[in-house]
Amino acid sequence: METMSGPHFIRGDVALPEAELTWRFTRSSGPGGQHVNTSDSQAELRFDLARTQALPEVWKRRALERLANRLVDGAVLVVRASEHRSQWRNRETAAVRMTALLAEATAPPPPPRRKKKTPRGINERRLRQKKQRSDLKRGRAGRGWD
């Protein structure tokens, strides 16, 4: 069997350690002929977020908080892949999905939005346009056209 395509980096030099990943293979559903009934091509990848030593503490807390609804038993992140007919390609897909999920979950929060005062010119222009529209509509009333 071919080897996995190297370490999967989350961000910077932080990578998913192969020793902390648990793989499970099952039969994939869907088309594939007779071959699909005999091969375990669906890949399931498990990563214990709470016990890992690979992630910095801050990242770990962020990931546990942001992925809370996806975690099994409150700590284990599970990703499945079964699109491909080959187990190897499903393994690759699952690993890439896992790293993408962790990269997104561990990303720092965006900087807070700074509220700015609306420029006076914009307010004046808006009020002027409202007045023009009002005058136009008032002119359509047809007063004195008897």
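It should be emphasised that the depicted structure is a prediction, and the values quoted were computed from it without experimental measurement.
- A donor-acceptor pair shorter than 3.5 Å can be found between the side chains of Glu20 and Thr52.
- Judged as a side-chain hydrogen bond (donor to acceptor under 3.5 Å, both in side chains), and not counting sequence neighbours, the contacts of Thr93 are His84.
- Between Leu21 atom CG and Leu77 atom CG the span is 10.5 Å, to the nearest 0.5 Å.
- With rounding to the nearest 0.5 angstrom, the CD atom of Glu44 is 11.0 Å from the OG atom of Ser82.
- How far OG of Ser41 is from CZ of Arg89: 11.5 Å, rounded to the nearest 0.5 Å.
- Note that CH2 of Trp23 and CD of Gln87 are 9.0 Å apart. Values are rounded to the nearest 0.5 Å.
- For Ser134, the side-chain hydrogen bond (donor to acceptor under 3.5 Å, both in side chains) partners are Arg138, not counting sequence neighbours.
- For Glu104, there are no side-chain hydrogen bond (donor to acceptor under 3.5 Å, both in side chains) partners, not counting sequence neighbours.
- Under a 4.5 Å side-chain heavy-atom criterion applied to ILVMFWY residues, the cluster that includes Val76 comprises Val72, Val78 as well.
- Heavy-atom minimum distance, Thr106 versus Trp59: CG2-O, 3.6 Å.
- Residues that satisfy the side chain to side chain contact (heavy atoms under 4.5 Å, CB included) test with Phe9, not counting sequence neighbours, are Pro7, Ala15.
- Atom CZ of Arg80 sits in a sparse spot, with 12 or fewer heavy atoms from other residues, nucleotides or ligands closer than 6.0 Å.
- Glu57 meets the side chain to side chain contact (heavy atoms under 4.5 Å, CB included) test with Lys60, Arg61; sequence neighbours excluded.
- By the salt bridge (charged side-chain N to carboxylate O under 4.0 Å, His left out) test, Arg70 pairs with no residue at all, sequence neighbours left out.
- The salt bridge (charged side-chain N to carboxylate O under 4.0 Å, His left out) search around Arg97 returns Glu83, not counting sequence neighbours.
- For Pro108, the side chain to side chain contact (heavy atoms under 4.5 Å, CB included) partners two or more places apart in sequence, or in a different chain, are Arg11, Arg62.
- Taking both residues in full, the closest heavy atoms of Val96 and Thr99 are given as O-OG1, 2.8 Å, listed atom of the first, atom of the second, then distance.
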Table please: side-chain donor-acceptor pairs of residues 112-128 below 3.5 Å, with sequence neighbours left out.
residue	atom	partner	partner atom	Å
Asn123	OD1	Arg126	NH2	3.4

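- When every heavy atom of Ala105 is checked against every heavy atom of Arg66, the shortest pair comes out as O-NH1, 3.0 Å.
- Note: Met98 CE to Phe47 CZ = 7.5 Å, rounded to the nearest 0.5 Å.
- Scanning for side-chain hydrogen bond (donor to acceptor under 3.5 Å, both in side chains) contacts around Gln42 gives Thr26, with sequence neighbours left out.
- Note that CG of Leu45 and CZ of Phe25 are 9.0 Å apart. Values are rounded to the nearest 0.5 Å.
- When the side chain to side chain contact (heavy atoms under 4.5 Å, CB included) test is applied to Ala50, the partners found at least two apart in sequence or on another chain are Asp48, Ala75.
- The minimum heavy-atom distance between Ala54 and Val14, with the atom names listed, is O-CG1, 3.6 Å.
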